[in-house]
Every structure is written in structure tokens, then in C-alpha cells.
There are 2 protein chains.
Amino acid sequence: MSPDLIRPADPALADALTTIFPADRLSATIPDRIAYARDLWPMGQFWARQGVFPHPPDAIVWPEAVGEIVALLRLANARRFPVIPMGAGSGVCGGTLAHRGGVILDLKRMKRVRHLDEASLLVTAEAGIIGQHLEEWLNGRGYTLGHFPSSIYCSSFGGWIATRSAGQLSTKYGKIEDMVMGIEGVLPDGTVFASKVSPRTAAGPRLDQLLVGSEGTLAVITAATARVRPVAEARRFAGYVYEDVHAGLEAIRKVMRQGLDPAAVRLYDETDTALSLSALGLDATGCLLVLVFEDVAGLCDVKADLADAICRAGGGRALGPGPGEHWFKHRYDISYKQSHVYQAGMMVDTIEVATTWSNLDRLYDAMRASIGERMTCLAHFSHVYPEGGSIYFTFVGPPGEEGDIETYRSVWNDAMNACVKMGATITHHHGVGLLKAPWMKDEHGPLIEMYHAVKRALDPNNILNPGKLVP
Amino acid sequence: MSPDLIRPADPALADALTTIFPADRLSATIPDRIAYARDLWPMGQFWARQGVFPHPPDAIVWPEAVGEIVALLRLANARRFPVIPMGAGSGVCGGTLAHRGGVILDLKRMKRVRHLDEASLLVTAEAGIIGQHLEEWLNGRGYTLGHFPSSIYCSSFGGWIATRSAGQLSTKYGKIEDMVMGIEGVLPDGTVFASKVSPRTAAGPRLDQLLVGSEGTLAVITAATARVRPVAEARRFAGYVYEDVHAGLEAIRKVMRQGLDPAAVRLYDETDTALSLSALGLDATGCLLVLVFEDVAGLCDVKADLADAICRAGGGRALGPGPGEHWFKHRYDISYKQSHVYQAGMMVDTIEVATTWSNLDRLYDAMRASIGERMTCLAHFSHVYPEGGSIYFTFVGPPGEEGDIETYRSVWNDAMNACVKMGATITHHHGVGLLKAPWMKDEHGPLIEMYHAVKRALDPNNILNPGKLVP
């Protein structure tokens with residue numbers, strides 16, 4: 001690869017890093033710098049199309065011990081270079097791009113499962129372990145984390161925490177912020193910390209929760225303790241078709257209101273349903289609802305039967321377990337389909353927002369109208385809670401006359417502005433990164449000063465993932 | 001009352017407050033200043049015994065609108081006097097004492113229920129509403145907050161949030177931090193804020209959660225949105241006796257592990273059981289376990305039956321619903337029994353800590369040994385979770401030779417040091433106040449700097465409840 005593809009790295013920086021990292025865990029080569037110049041943010045696809053790699057790091061390091069991270073952060077403060085913590089690079093918002101240069105701190109070598117406390121249903125693992133590896137380790141001992149993002153094969157435990165990730169069974173098991181019971185890490189000045197693990201506390205605010213969603217800007221998360229559950233004894237699928245989105249949402253809301261505790265709930269709008277059902281060779285009109293129940297044997301069927309009565313009473317035509325089983329079998333496929341669309345010269349991305357039940361229909365209409373101005377738009381509702389849920393929009397379309405990057409930015413600008421106008425949160429589980437940072441002030445209002453205060457105090461030299469999350 | 005009972009108030013301060021508050025919502029009289037010179041921290045009993053009131057405020061104000069709070073905070077910054085937000089004064093840690101003088105901001109006139117969103121199961125109410133009033137308002141419409149602290153008749157919605165309160169059915173409905181979905185308030189500089197209400201978000205850390213447990217030091221909470229639930233269709237009680245604490249804890253842990261979702265779980269140690277069962281005229285040996293289930297009709301008995309099998313298999317002798325029904329009927333009495341003990345010349349207080357299941361037995365032994373050195377000690381386990389639970393110690397005894405305040409402080413010092421040594425959290429739901437502030441550094445370690453950073457940035461003049469929570 002030609003060296004002039006990317007800007008030159010700072011040679012003095014790589015030299016300085018050799019005092020901390022052995023040669024096989026430190027790289028400033030061009031192939032590595034290019035490989036680490038992108039995550040799964042579609043912007044990387046546009047850049048690749050143009051043959052540019054605008055945000056390469058100066059170097060990449062692979063620490064194996066907390067002491068190395070401490071030394072790196074001290075060096076970074078002394079020499080004022082950015083340090084960007086990174087898990088597996090599956091982020092879709094540019095959160096780990098080295099857009100101000102500096103060092104990528106790849107945590108994947110810190111991947112031990114340190115302790116399973118079976119009595120307390122708690123696992124402690126290092127941040128860099130790949131999600132599927134952690135899940136398999138737990139499954140082998142009869143447990144599950146209950147966290148199944150579609151990226152589970154290419155995302156890490158620490159990355160989930162840094163971005164407030166959600167898994168596909170979040171309705172039962174919660175999002176990662178519900179699971180995290182303690183965090184270990186290193187503050188920007190090199191101070192090592194470990195928060196106390198307790199089921200609940202009233203000893204002031206839970207300060208470690210400030211790191212959940214901090215996207216590598218406040219601390220390097222090196223390990224965490226999360227709750228686990230015994231693997232469910234029973235699982236049951238159910239599928240229904242509703243006349244429209246509204247009828248389907250009403251059925252879901254009533255199921256959630258009764259505390260029936262489904263593991264997954266997915267309602268596809270008409271367009272998304274047509275795609276989903278035609279894959280099954282089924283009649284493709286209306287809106288498909290899929291429910292999954294997981295529980296101890298004595299509760300699974302009772303809950304599923306109670307929900308079934310509600311779903312039928314709400315006008316749902318029962319389809320049996322087929323659609324749910326099909327979804328379950330293919331539930332991780334979506335994370336690996338993006339590049340085909342881009343290779344065809346098109347663009348595709350997803351926008352996941354959330355709001356309360358009373359606002360959900362209106363949010364769906366407003367954002368679909370906004371996104372649909374330029375793009376083909378489909379959506380499903382998943383990650384529901386008794387209080388509301390998220391909408392997962394997918395948009396697909398051609399670059400348009402403005403060019404791909406301009407078109408892409410316009411779609412996002414309009415969608416985010418519509419979301420803010422409707423009072424909904426700008427992201428349910430993909431996080432913020434560079435992509436959504438411009439709307440963080442709208443999201444948090446005056447309380448954003450709390451974030452700035454912590455950032456200034458912990459990281460006065462602004463070395464930890466600068467310019468991300470909140471501009 | 002003689003004016004020399006307490007220090008004189010600053011007359012200029014009361015004068016300045018008349019520019020904001022009408023005469024009937026502002027007081028600097030001695031009776032009012034004495035009435036507001038204590039909360040339910042037992043230290044107030046010792047002071048009353050001595051006939052002293054060491055921490056009177058200079059004045060008390062009763063705002064009815066957010067604008068008045070804004071004006072008060074601006075005045076406080078200009079003149080540098082403390083402002084202490086207060087709900088109903090049921091705190092047991094000295095969190096609302098005016099130990100540096102200043103103005104008590106009593107929020108009880110801001111007590112409207114502003115909105116019930118039945119579709120989203122959310123209620124928005126002002127901070128000063130008394131808990132029981134809010135619960136009755138909701139019950140009248142078919143809903144419950146599910147939050148039942150024993151202080152429910154003398155504590156407020158905002159006070160619950162400020163102190164991370166727990167109700168007696170927390171095992172099912174969660175603590176207040178699990179219920180709060182949005183907070184409105186005023187920052188120390190007078191800036192008004194309202195956090196976004198969303199079932200979940202990934203837009204960075206949830207900053208409003210930093211206020212849950214901030215005990216009036218970071219903001220004045222003026223209103224909040226919390227989740228509600230339909231009133232349960234069915235309730236069932238069960239009681240068992242176990243040979244010892246260990247056997248009882250094992251039964252509870254297995255019930256929680258199966259996801260059987262009891263509303264309340266209470267295990268009394270041998271001493272506490274003797275008191276509880278003798279009140280019922282029952283054989284008083286062993287450890288009493290009480291379970292309460294609440295749910296939709298189709299689930300309540302199923303869950304209770306599954307739990308019953310576990311409890312019997314673990315060696316529990318079934319007592320039927322009697323002990324649970326008796327507890328339920330008298331569940332709020334404890335908050336009103338303290339003063340009788342003090343009138344008899346004795347002292348009594350409670351210490352509630354929490355830890356994981358694997359640490360719970362050891363914590364119980366260590367703290368009971370510590371407290372038992374000077375005092376009669378009884379305990380029950382309640383507020384349990386799949387990961388662990390809390391222990392609620394009650395100590396009773398005579399003042400001793402050191403004098404009551406010295407004895408009291410010694411018991412607390414030893415108990416908190418034992419708790420910290422065991423790695424448990426120093427408080428599950430009573431909060432910190434002045435009483436436990438010395439152990440906050442032990443509790444949080446280096447992360448405490450996050451709290452200090454926010455406090456410094458939001459409240460540079462240190463006017464909002466200074467000297468509380470973190471010294």
C-alpha cells in the first residue's frame with residue numbers, strides 16, 4: 001500500500017511507546033493504521049469508495065495489563081496525544097475514529113473471564129472479551145448474560161458498556177446498563193479504580209454508571225462485573241399478523257402492562273413485514289409481530305398463554321411459532337449485510353430512537369416522513385418496556401445528486417431534528433460517537449454541564465477520545 | 001420559648017427573603033426554627049434530652065413555584081448563604097440539618113400530581129407531595145407506584161429521589177432509582193432543567209441519575225416522572241420457619257434465582273423472630289421467613305406455588321399466610337416507635353447495608369459481632385435481589401458510661417468500619433447525610449472525584465446543602 005494514502009504518523013510517538021509496549025503489541029505500520037482508520041459507521045464505506053482513509057491513528061497498542069494502560073495515559077498526558085479505547089470496532093457512529101490522531105488502545109488482548117460468582121449470579125470479565133466468547137463461556141457453566149446484540153460475534157464486553165448496548169432479548173434481560181454491577185478501569189490521569197459491587201446502594205449517586213455510555217471519553221474500562229442468569233429451561237415462540245402498526249403496538253403495550261415478561265418483542269411495519277414474510281413464503285400483508293418467551297419450565301407457557309389471549313383479542317391472526325423461529329435462527333445476520341449494499345453503489349444505515357408508548361405512533365409517523373423524503377424507509381419496533389419502546393428504522397437508497405456523503409448527512413440531520421422535535425431520545429442503543437454528537441445538547445439540556453464538569457476534572461488535557469460524544 | 005435556646009438568626013437574611021416570599025410562606029420565628037432544627041436522626045433525640053437545638057436554620061421558606069426557587073438560589077449565591085432542600089423531614093441521617101445555618105427550602109407546598117400517562121404507565125408529580133397522598137391518588141385511578149417505605153405517611157416523593165429510597169415491595173417494584181424516568185429541578189445557579197423521559201437511552205450516561213441520591217447537594221428537585229403499575233389483581237402471603245439464618249437465606253436465594261418475582265421477602269434472625277412470632281402467639285424458635293406475591297391473577301398463584309416448593313425443600317416449616325398478613329397490617333408502624341425508647345432513657349437506631357449473596361452471611365456475622373459489643377442487636381434481611389440483598393440491623397441499649405452521644409457514635413463507627421472491611425455498601429436505602437459521610441471515600445474510591453467535579457462546577461459557592469453527603 002502506498003504510504004501517501006494516509007498522513008504520516010508521528011515517529012517520535014511510536015518511539016516513545018516502545019518504552020511501554022513490546023514490538024509485537026505496538027504497531028505504526030500503514031496497513032495497521034488503515035485497518036484501524038474505520039469502524040462500521042457507513043461513512044467508512046463512502047471514504048473507501050473514494051479511496052481515502054482520513055482518520056488513521058498514529059499507532060495502535062494492544063495492552064495485556066492494567067499497568068501498561070496506566071503508563072500509556074501518563075505518557076499521553078505528558079506529550080498531549082489522544083488515546084482512543086477500542087473494543088472490537090463494531091460501532092456504527094464513528095466513536096473510535098482517530099480523527100485527531102493519537103493512539104488506538106485496542107483492548108482485545110485483555111479478555112479473561114476472571115470470576116463467576118454462581119451464588120450471586122455475577123460474572124467478572126475483562127473488557128476486551130468478544131461477546132460471543134463470554135456468552136459461550138457462561139453457557140458452558142449453565143448461565144447466560146442475556147445480552148445478544150446482532151454484533152455479538154464482533155463486539156466486546158467493554159464496548160457494550162461504553163456505548164450502552166442493547167441485546168435482542170433486552171425486554172427480559174435489560175440493556176447493558178441494567179446488567180452492569182461494577183466497573184474497573186483507569187481514569188485519564190492513570191488512576192486505577194474499581195467500583196463496589198452491591199445489588200443496590202443509597203450511598204449517593206452510582207458514580208460508575210456515569211461511565212456506562214461514556215464512549216471512552218471519561219475512563220478506560222478494563223473489566224466489569226455483570227449479572228448473569230441461569231440458562232432458561234424453556235423457550236416459546238409466537239407470531240401474529242396485525243392490520244397495521246397501531247394495532248400491533250396496542251397488543252404489545254397490553255402484554256407489557258400485565259408484566260408478562262417476554263424475552264423479545266418485535267413488530268415489523270408493512271414494508272419490513274413484506275420482506276420478512278416473503279422470505280417465509282407467507283402472505284405478506286399487514287404487520288408481523290414476533291414474541292419470544294424464555295423462563296423456568298413452570299412459568300414459560302403460563303406467560304405465553306396469557307400473552308396469546310391478549311394478542312388474539314387485539315385482532316392478531318396467529319401464525320404459530322414459524323416466524324419467531326425463523327427470526328431466531330437468523331438473528332445475527334443483519335450485522336454482516338451492509339457492505340453488499342454499498343458495493344452495489346447504494347447506501348444503507350439504521351436509526352434507532354426510543355420514546356414512551358403515548359408518543360410512539362407519532363414518533364414513527366414523523367420520522368418515517370422525514371427519512372422517506374429521500375430514502376426507502378422500513379422499520380420495526382423492538383426493545384420494548386412497560387413505559388415505551390424503540391423504533392429501528394432502516395433507510396436504503398441511491399447517493400443522489402448531492403453526492404453520497406452530503407445525501408447521507410442530510411438524511412441524518414432531518415431524522416435527528418424530527419426526533420428531537422418529538423421529544424424522543426436520539427439513540428436507544430447504538431450510541432453517539434461523532435455522528436450524533438451535535439444533538440447531545442438538545443438531548444440533555446442544562447444537565448450536559450454535569451458531563452463537561454466531569455470531563456474537565458478527570459481529563460484536563462483532553463487526551464481520552466477527544467471530540468467524541470459531546471462536542 | 002426562650003430566645004436564648006438557639007443562636008440568633010441573621011435579621012438581614014430574613015429581610016432579603018421578603019423580596020421573594022410573602023409573609024405567610026417565610027418564617028424566622030424561634031418555634032419554626034426549632035421545629036426545623038432536626039429530622040429523625042436519633043442525634044436529635046440526644047440533643048432534645050440535653051435541651052439544645054444546635055442546628056437551627058436562619059429561616060424557612062415554602063415556595064409554591066419554580067420561579068421562587070430560582071430567585072432564592074440567585075440570592076443565596078449573591079449573599080453566600082446555604083439553602084437546604086427538604087421534603088417531609090423523615091430522614092434518619094441528618095441530611096437536612098442546617099448545621100451551617102442558612103435557609104430551609106421546604107417543598108411540601110409543591111405537591112400537585114401533574115399528569116398520569118396511562119398508556120405509558122408514567123406519573124409526573126411535584127417533589128413535595130407526601131408519599132401516601134401520591135399512592136392514594138394513583139390507587140383511585142387503578143395504579144400504584146409500588147413504593148412503600150415505612151415512612152410513607154411522613155416522607156415525600158422528592159425526598160425519596162434525593163435519598164435513593166426503597167419501599168417494602170422493592171424486590172418486585174425496584175428502588176426509587178429504578179422507578180425515576182425523568183427529573184425536573186433547579187441547578188444551584190438558578191438554571192431550570194427537565195431531563196428527557198424515555199424508557200431507555202444510549203445518548204451518553206443518564207445524567208439525571210446523578211441526582212438520585214444527591215441529597216439536595218447538586219440540585220433542587222422540583223418534580224419527577226416515575227413509572228407506575230396497575231394495582232395487582234392478586235396477592236398471596238406465605239410464612240416459613242427455618243432452623244437458622246443460613247437455611248433461610250439459601251431458600252430466598254433459590255427463589256430469586258428462578259425469577260419468581262416475589263413482591264416482598266423478609267427473613268428475621270433468631271432474635272427478631274422471637275419478637276415477631278411471640279406477637280402472634282406462635283412458637284418463637286428459629287428464623288421466620290415471610291413472602292408476599294402480587295401479580296395478575298393468572299400468575300400470582302403459579303409463582304407462589306413454585307416458590308413454596310423451593311421453600312419447603314430447603315427445610316422450611318410452612319406457617320401459612322398468618323405471619324405475612326400480620327406483617328402487612330403493621331408494616332408502617334416501625335417509623336413511629338423510636339421516641340418511646342428514647343423517652344425510656346435508652347437509644348435505638350437502625351443500620352441497613354447490602355452486599356452480594358456470596359458475602360451476605362459473612363457480612364451478617366461481622367456486623368452483628370461489631371454492633372453486639374455494646375448493644376442488643378437484631379436483624380432482618382429484606383430488599384433482596386437475584387444478586388444479593390440488604391440486612392437491616394436494629395440496635396437497642398443504654399447510653400453507657402461514655403454518655404449517649406459518644407456511645408452512639410462508637411457503635412456507628414465500629415459498624416461502618418466492619419461494613420467497609422467486608423466490601424459491602426454502607427447504606428441500602430437510608431442515605432448518607434451527616435452520619436455516614438465519613439465513609440463515602442471508602443465507598444467510592446477514586447470515582448468520588450466525579451462527584452466533587454460536578455459539585456464544584458454546578459455549585460462553586462457551595463450554597464446547596466453544604467457539608468452533606470461527601471465531606
Side-chain angles (χ1 to χ4, degrees), chain A residues 117 119-122 163-164 175 181 187 191 193 195-205 207-210 212-214 227 257-259 296 298-299 302 306 354-358 385-389 425-432 440 443-447 449-451 453-454 457 469, chain B residues 117 119-122 163-164 175 181 187 191 193 195-205 207-210 212-214 227 230 258-259 296 298-299 302 306 354-358 385-389 425-432 440 443-447 449-451 453-454 457 469:
Chain A
D117 178 347
S120 310
L121 296 174
L122 293 170
T163 56
R164 291 179 91 84
K175 283 184 67 194
M181 307 296 286
L187 297 178
T191 302
F193 68 89
S195 64
K196 192 171 278 189
V197 174
S198 175
R200 290 291 191 287
T201 177
L207 297 171
D208 59 356
Q209 275 284 344
L210 255 184
V212 184
S214 65
R227 65 183 202 205
R257 185 184 176 87
Q258 297 288 305
V296 290
L299 278 176
V302 182
L306 288 167
T355 194
T356 57
W357 283 113
S358 58
Y385 309 91
E387 298 77 29
T425 186
I426 57 172
T427 170
H428 173 268
H429 60 278
H430 282 177
V432 176
M440 282 291 276
E443 177 79 19
H444 291 282
L447 293 186
E449 181 52 27
M450 291 178 156
Y451 171 81
V454 172
L469 191 63
Chain B
D117 178 347
S120 310
L121 296 174
L122 293 170
T163 58
R164 290 179 91 85
K175 283 184 67 194
M181 306 296 287
L187 297 178
T191 302
F193 68 89
S195 64
K196 192 170 278 189
V197 174
S198 175
R200 290 291 190 289
T201 177
L207 297 170
D208 59 356
Q209 275 283 347
L210 254 185
V212 184
S214 65
R227 65 183 203 206
Q258 296 289 304
V296 289
L299 278 175
V302 182
L306 288 166
T355 194
T356 56
W357 283 113
S358 59
Y385 309 90
E387 298 78 27
T425 186
I426 57 172
T427 170
H428 173 267
H429 59 280
H430 282 178
V432 177
M440 282 291 276
E443 177 79 20
H444 291 282
L447 293 187
E449 181 52 26
M450 290 180 156
Y451 171 82
V454 172
L469 191 61

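Keep in mind that this is a model prediction, so the values were computed, not measured. Below, read A as the first sequence line, B as the second, and so on, with proteins coming before strands; counting in each chain starts at 1.
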A.B. asks: For A:Leu207, is it the side chain, the backbone, both, or neither that has a heavy atom closer than 4.5 Å to a heavy atom of chain B?
C.D. replies: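 Both backbone and side chain.
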A.B. asks: Using the side chain to side chain contact (heavy atoms under 4.5 Å, CB included) criterion, which residues pair with B:Ser195? Sequence neighbours excluded.
C.D. replies: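 In terms of side chain to side chain contact (heavy atoms under 4.5 Å, CB included), with neighbours along the sequence ignored, B:Ser195 is linked to A:Leu447, B:Ile183, B:Asp208.
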A.B. asks: Check the side chains of B:Thr425 and A:Thr201 for a donor-acceptor pair under 3.5 angstrom, ignoring hydrogens and angles.
C.D. replies: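 Side-chain D/A pair, A:Thr201 to B:Thr425: present.
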A.B. asks: Could you look at B:Phe193 and say if it's the side chain, the backbone, both or neither that has a heavy atom under 4.5 Å from chain A?
C.D. replies: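 Both backbone and side chain.
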A.B. asks: Which atom pair, heavy atoms only, marks the closest approach of A:Val302 to B:Gly298?
C.D. replies: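 Answer, listing the atom of A:Val302 first, then B:Gly298: CG1-O, 3.5 Å.
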A.B. asks: Highest number of heavy-atom pairs under 4.5 Å with chain A: which of B:Gly445, B:Ala457, B:Gly204, B:Ser198?
C.D. replies: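 Looking at each option in turn, the highest pair count goes to B:Gly204.
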A.B. asks: Checking heavy atoms, do the side chain of B:Val296, its backbone, both or neither come under 4.5 Å from chain A?
C.D. replies: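 The side chain, not the backbone.
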A.B. asks: Heavy-atom distance under 4.5 Å to chain B: side chain of A:His428, backbone, both or neither?
C.D. replies: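 For A:His428, the contact with chain B is made by backbone and side chain together.
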A.B. asks: Quick check on the interface: out of B:Gly213, B:Pro199, B:Ala453, who has the most heavy-atom pairs with chain A under 4.5 Å?
C.D. replies: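 Going by pairs under 4.5 Å, I would pick B:Pro199.
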A.B. asks: Measure A:Leu210 against the heavy atoms of chain B and call it side chain, backbone, both or neither at under 4.5 Å.
C.D. replies: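 Both backbone and side chain.
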A.B. asks: Side chain, backbone, both or neither: which part of A:Met450 has a heavy atom under 4.5 Å from chain B?
C.D. replies: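 Both backbone and side chain.
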A.B. asks: For residues B:Val432 and A:Ala203, report the shortest heavy-atom separation together with the two atoms involved.
C.D. replies: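 B:Val432 and A:Ala203 have their closest heavy atoms at CG2-CA, 3.7 Å.
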A.B. asks: If you compare all heavy atoms of A:Leu469 against all heavy atoms of B:Pro205, which two are closest, and at what distance to 0.1 Å?
C.D. replies: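 Between these two residues, the closest heavy atoms are CD2-CD, 4.3 Å.
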A.B. asks: Counting only heavy atoms closer than 4.5 Å, note whether B:Pro386 contacts chain A via side chain, backbone, both or neither.
C.D. replies: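 Both backbone and side chain.
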A.B. asks: With chain A, which of B:His444, B:Met181, B:His430, B:Met440 has the greatest number of heavy-atom pairs at distances under 4.5 Å?
C.D. replies: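 Counting heavy-atom pairs under 4.5 Å, the top option is B:His444.
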A.B. asks: Name the region of A:Val454, side chain, backbone, both or neither, that has any atom closer than 4.5 Å to a heavy atom of chain B.
C.D. replies: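 Interface part for A:Val454: both.
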A.B. asks: Heavy atoms only, distances under 4.5 angstrom: which of B:Thr191, B:Leu122, B:Leu299 has the most pairs with chain A? Name it, please.
C.D. replies: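 Heavy-atom pairs under 4.5 Å are most numerous for B:Leu299.
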A.B. asks: Please enumerate all residues that pass side chain to side chain contact (heavy atoms under 4.5 Å, CB included) together with B:Ser358, with sequence neighbours excluded.
C.D. replies: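 Applying side chain to side chain contact (heavy atoms under 4.5 Å, CB included) to B:Ser358 gives A:Asp117, A:Ala119, A:Ser120, B:Thr356.
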A.B. asks: Between the side chain of B:His429 and the main-chain N/O of A:Arg200, is any donor-acceptor distance below 3.5 Å?
C.D. replies: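 Looks like no, no N/O pair under 3.5 Å.
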A.B. asks: Given heavy-atom pairs under 4.5 angstrom as the criterion, report whether the side chain, backbone, both or neither of A:Gln209 touches chain B.
C.D. replies: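 For A:Gln209, the contact with chain B is made by the backbone alone.
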A.B. asks: Using non-hydrogen atoms and a 4.5 Å limit, figure out which bit of A:Tyr385 sits close to chain B: side chain, backbone, both or neither.
C.D. replies: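 Side chain of A:Tyr385 only, per the 4.5 Å heavy-atom cut-off to chain B.
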